[in-house]
Amino acid sequence: MRFLIFTCFLFLSFISNAQIRSVDGSIGKLPNNSSDPNDTIAKFNKNRDVTAKAPIDLYKIYTLQKDTTYVDTSLTIQSEYKYNLLRKDIFGLMPFSNEGHTYNTLDFGLNPKTAFPNFGFRAKHFNYLEVDEIKYYSVPTPLTDLYFKTVMEQGQTLDAFLTVNTKPNLNFSIAYRGLRSLGKYVNNLTSSGNFRFTSSYFTKDKRYFLNAHFTGQDISNQENGGIVNLSEFESSEDPFDERDRIKVYFTNATSLLKGNRFFLDHSFKLNKENPNSLVFIHQFNQEYKFFEFTQDTPSDRFGDRFTNKINNKTRYNHFYNKLGVAYKTKSYGDLEFFIDDNKYNYYYDRVVYDSAGDIVVPNSISDRINNLGGNYSYLINKVNVRLHVSQSISNQSISNIEASGNYKINDDYKFEFKYQKLNSLPNLNYNLYQSGYVDYNWSNNFKNEKLNQFQFSALTKWLNINATYKVLDDYLYFDNLTNDITQLTVKPQQYDKTINYFSVKANKEIKFWKFALDNTVLYQQVEQSDEVLNVPKIVTRNTLYFTGHVFKKAMLLQTGVTFQYFTEYYANDYNPLLGEFYVQNESKIGGFPMFDFFVNARVRQTRIFLKAEHFNSAWTGYDFYSAPNYPYRDFMIRFGLVWNFFK
């Protein structure tokens, strides 16, 4: 794999130096200087001068849904929020002590659902790039993005990306995100790699469009099961101020999630001249994954076992095809009908027998689901309406209805409403799991989960607000049957009553001179007969910062303090054997402040980041946890940069 990555980078580097194209396909290049240190848009020579810099809006980034953004090299508070391993704002997620381990979800609205069953092992998928997270590009000149950041101990994280248009209608991109961090605690090493390769193409008459990608990803974590004695951490006296002296549950357990995916999405417009035309659509996805948990010395914490060495491996093959035909009109919107074929095989290499010799846990779940559905979108003046309907026509009873509409008055006021009614199959590890531990073997036949969801958002110059209301029936979750954190018998459960979830998230940035105060507050409320869906009522993030030019405007400086907090609640705990979080109602976490101090700078297209994370940890008390027996991060200083090249 390393040789393949090196060869691809070498090949694309040669292309980028041999064929540097302007927006009209002619040979050209970007200058080294920028007209404004904080503005990525430079004036473009109308005569296509080869020394002119292409406007930033020609460096396009778009998704499968054709949502388009542009390369952003500015330094804003969002740059600070997105400077992390996931390269996105992680408000509502609580990271564990080591980079790349997992995240506890504070905001329940961050748990999306689909009608099809997923592989499961969701706690290990935060750093796993799904189909809709892959971006495609169109650039007038080769573009490089380099991300670097230090980690907790002995390692670093790097995300290197290169994209080039060899022709105006043909784009390639290649990227690799690598991470290694030893961590502060015993048996806490994280190591991951995310390779992706994309290509986009369209014919000169713009009748045929293609987007394709390949990903190869592996996420490995040493799993210590958390700390055994909380008093050792909470006192933090010598010798326990050195975190590797604190006793943990496991010293030789490791989990590994690995997957390869090939994806293709393309369409062909039947009529070349008429804007009202039929368009044929095809989408293909083939993916193989496995999740493996190994432990050389079994632990009594998981109960009795069949073998003296644990090696659980769950495999998953997924094959998806979608065929559709759309009628695109200039005046009445776009209407699409489709049929899809979703085939999967989730399997183990053995079966489990009972004492009578009967099979109680089979070795696989294999199924084929066919859906029939349609999409409609219509844009008139400042109103955009979208509708999606799908229903299974095979033996499974699944369905999905989504409707959305947004109204944009002007740049200061935009309103949006969304509704979803979903009938979805359970994730596969709810219905089947096998392990070397006796209690972690099951075969179930759960009901479909049902969801009714309403969302409303308003983006105004006074306040940005988003409200969500969910009604959940037949909700699935993992629960510890022993009600004891030292003994884990975690099994899937289905709640037979209705859960009502409501949340409001508000954001407002207040600016005065060169100072700004950015505020984000989330309020959540759950109505349920039993405590199976636990969330903190309040989650807040507030950043006070200063932005200004220094060194005769050669550098843009940004410095400030971020405060984060969430109220106490019965947070879900983490089970490394399953790669899942489970419900517990014995131990609360939260109610502790987290302060970060940062100094960021921008020089041309380079952004430099320096942060003192959780600098208040020593004087506000060692009672900070990401999960009931997993401590959050101590004070540490981390730094790095994001560097863009426009050649």
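Counted by atom type alone, E223 and S255 present one or more donor-acceptor pairs between their side chains at under 3.5 Å. Inspection of the N452 and Y419 side chains reveals an N or O donor paired with an N or O acceptor under 3.5 Å. Between the side chains of N600 and Q558, at least one donor-acceptor pair of N or O atoms lies under 3.5 Å. A donor and an acceptor atom, one from each side chain of Y565 and N542, are nowhere located under 3.5 Å apart. Side-chain contact check for N187 and T251: no donor-acceptor pair (N or O, by modelled atom type) lies under 3.5 Å. Side-chain contact, T543 with T562: a donor N or O sits under 3.5 Å from an acceptor N or O. Side chains of Y582 and E580: no donor on one and acceptor on the other come within 3.5 Å. No hydrogens or angles considered: a donor-acceptor pair under 3.5 Å links the side chains of S181 and N98. Looking at K537 and Q524, their side chains never bring a donor and an acceptor atom within 3.5 Å of each other. A donor and an acceptor atom, one from each side chain of H125 and K289, are located under 3.5 Å apart. Side-chain contact, D573 with N480: no donor N or O sits under 3.5 Å from an acceptor N or O. Side-chain contact annotation: N127 with S192, donor-acceptor N/O pair under 3.5 Å present.
Salt bridge status for E80 with R607: absent, with no side-chain N to carboxylate O gap under 4.0 Å. Salt bridge annotation for K414-D411: absent, with no cationic side-chain nitrogen under 4.0 angstrom from a carboxylate oxygen. Taking a cutoff of 4.0 Å between a charged side-chain nitrogen and a carboxylate oxygen, K184 and D244 do not qualify as a salt bridge. Between D159 and R196 there is a salt bridge, since at least one side-chain N of the basic residue sits less than 4.0 Å from a carboxylate O of the acidic one. Under a 4.0 Å N-O distance rule, the pair E449/K113 qualifies as a salt bridge.
Separation of the F121 and F291 ring centroids falls under the 6.0 Å cut-off. The aromatic ring centres of F417 and Y407 sit 6.0 Å or more apart.
Geometrically, R541 engages Y81 in a cation-pi contact, judged by NZ or CZ lying under 6.0 Å from the ring centre and within 45° of the ring axis. A cation-pi arrangement is not found for R245 relative to F240, the charged atom failing to lie both closer than 6.0 Å to the ring centre and inside a 45° cone about the ring normal. Annotation: cation-pi pair K258/Y128 absent, no NZ/CZ under 6.0 Å from the ring centroid and within 45° of its normal.
Looking at R180, its side chain never comes within 3.5 Å of a backbone N or O of V151 through a donor-acceptor pair. Side-chain atoms of D479 do not come within 3.5 Å of backbone N or O of L481 as any donor-acceptor pair. One N or O on the side chain of R633 and one on the backbone of F96 form a donor-acceptor pair closer than 3.5 Å. Side-chain N or O atoms of D89 include one that pairs as donor or acceptor with a backbone N or O of F91 at under 3.5 Å. Between the Y147 side chain and the F161 main chain, no donor and acceptor come within less than 3.5 Å of each other. With hydrogens and angles ignored, the 3.5 Å screen pairs no side-chain donor or acceptor of N224 with any backbone N or O of Y249.
Ring geometry for H101 against Y574 counts as perpendicular: the plane angle is over 60°, on a 0 to 90° scale with 30° as the lower cut. Taking the six-membered ring where tryptophan is involved, the planes of Y185 and F233 are tilted, since the angle between them lies from 30° to 60°.
Every side-chain contact (heavy atoms from CB on, under 4.5 Å) that K588 has, sequence neighbours left out, goes to E568, Y570. By the side-chain contact (heavy atoms from CB on, under 4.5 Å) test, A571 is found to be paired with N104, Y569, I589, residues two or more places apart in sequence or in another chain being considered.
Here the options are I499, L451, N500, the test is side chain to side chain contact (heavy atoms under 4.5 Å, CB included), and the partner is V471; only N500 passes.
Note: D596 CG to H614 NE2 = 8.0 Å, rounded to the nearest 0.5 Å. Distance check, rounded to the nearest 0.5 Å: CG of L189 to CD of E153 gives 11.5 Å.
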Requested in this report: Would you please test Q493 and Y475 for side-chain hydrogen bond (donor to acceptor under 3.5 Å, both in side chains) and show each step?
Outcome: CA-CA 8 Å; Q493 305 291 322; Y475 177 69; over 6 Å; no
Query raised in the report: Going through the checks in order, is the side-chain hydrogen bond (donor to acceptor under 3.5 Å, both in side chains) test met by R243 and S97?
Result: CA-CA 11 Å; R243 298 314 191 191; S97 63; over 6 Å; no
